[in-house]
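Atom set for the values below is all heavy atoms of this structure, side chains included, hydrogens, waters and symmetry mates excluded. Residue numbers start at 1 and run along the sequence shown.
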Amino acid sequence: MVKSCPLCNGLEQFEMYCTNCGENMDDVGRAVDYHSDYSPYLDYQITNTVDGADASDERNVCMHLFICPTCSHQLTKGIGEK
């Protein structure tokens with residue numbers, strides 16, 4: 001069974017608050033998509049090997065980047081695929 005990220009597919013929303021200023025952060029998508037110009041176009045199984053999470057493909061985790069619109073603080077969070 002193929003699992004997919006509920007945030008990437010618009011099935012769920014996730015709220016994360018900035019540890020710097022407390023504001024609600026914006027989910028800007030998969031963290032790995034910001035590594036290079038071509039990252040968003042590569043196969044997920046390839047990019048999951050460099051997303052900063054050990055074995056994220058095996059654990060069915062999609063690493064998302066959150067950015068605070070107020071202070072620009074950035075955080076990554078693993079979102080469980082369903």
Side-chain angles (χ1 to χ4, degrees):
M1 181 173 147
V2 176
K3 295 188 176 194
S4 61
C5 175
L7 296 187
C8 288
N9 291 289
L11 302 173
E12 293 179 9
Q13 292 186 356
F14 183 83
E15 289 187 2
M16 177 171 269
Y17 294 92
C18 182
T19 56
N20 212 27
C21 70
E23 289 293 320
N24 192 8
M25 300 180 85
D26 294 330
D27 174 19
V28 296
R30 295 181 345 128
V32 72
D33 289 349
Y34 293 89
H35 285 283
S36 75
D37 292 341
Y38 296 105
S39 293
Y41 307 105
L42 297 174
D43 186 83
Y44 278 24
Q45 288 181 328
I46 294 170
T47 57
N48 281 352
T49 62
V50 295
D51 65 5
D54 293 336
S56 63
D57 194 41
E58 294 172 13
R59 294 186 297 123
N60 298 309
V61 174
C62 185
M63 297 302 292
H64 273 251
L65 178 63
F66 292 84
I67 300 176
C68 179
T70 303
C71 70
S72 300
H73 185 64
Q74 299 181 8
L75 294 171
T76 55
K77 170 79 175 159
I79 305 297
E81 296 176 338
K82 298 178 180 179

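Between Leu75 atom CG and Cys18 atom SG the span is 6.5 Å, to the nearest 0.5 Å. Atom SG in Cys68 sits 8.0 Å away from atom CG in Asp26 (nearest 0.5 Å). Remark: Gln74 CD to Phe66 CZ distance equals 12.5 Å, nearest 0.5 Å.
Residues Lys82 and Glu12 approach most closely at NZ-OE2, 2.6 Å, considering heavy atoms. The minimum heavy-atom distance linking Leu65 with Asp27 is given by the pair O-OD1, 3.5 Å. Closest approach of Gly78 to Val61, counting heavy atoms only: CA-CG1, 3.5 Å. The two residues Thr70 and Cys21 have their closest heavy-atom pair at CB-SG, 4.1 Å. Heavy atoms only, all atoms of each residue included: Gly80 and Pro6 are closest at O-CD, 3.4 Å. The nearest pair of heavy atoms linking His73 to Met25 is O-CE, 3.2 Å.
Inter-residue side-chain proximity for Cys5 and His64 is flagged as met; some heavy-atom pair is nearer than 4.5 Å.
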**OP:** Check the pair Cys8, Arg30 against side chain to side chain contact (heavy atoms under 4.5 Å, CB included), reporting the backbone distance first and the verdict last.
**Re:** CA-CA 8 Å; Cys8 288; Arg30 295 181 345 128; 3.6 Å; yes
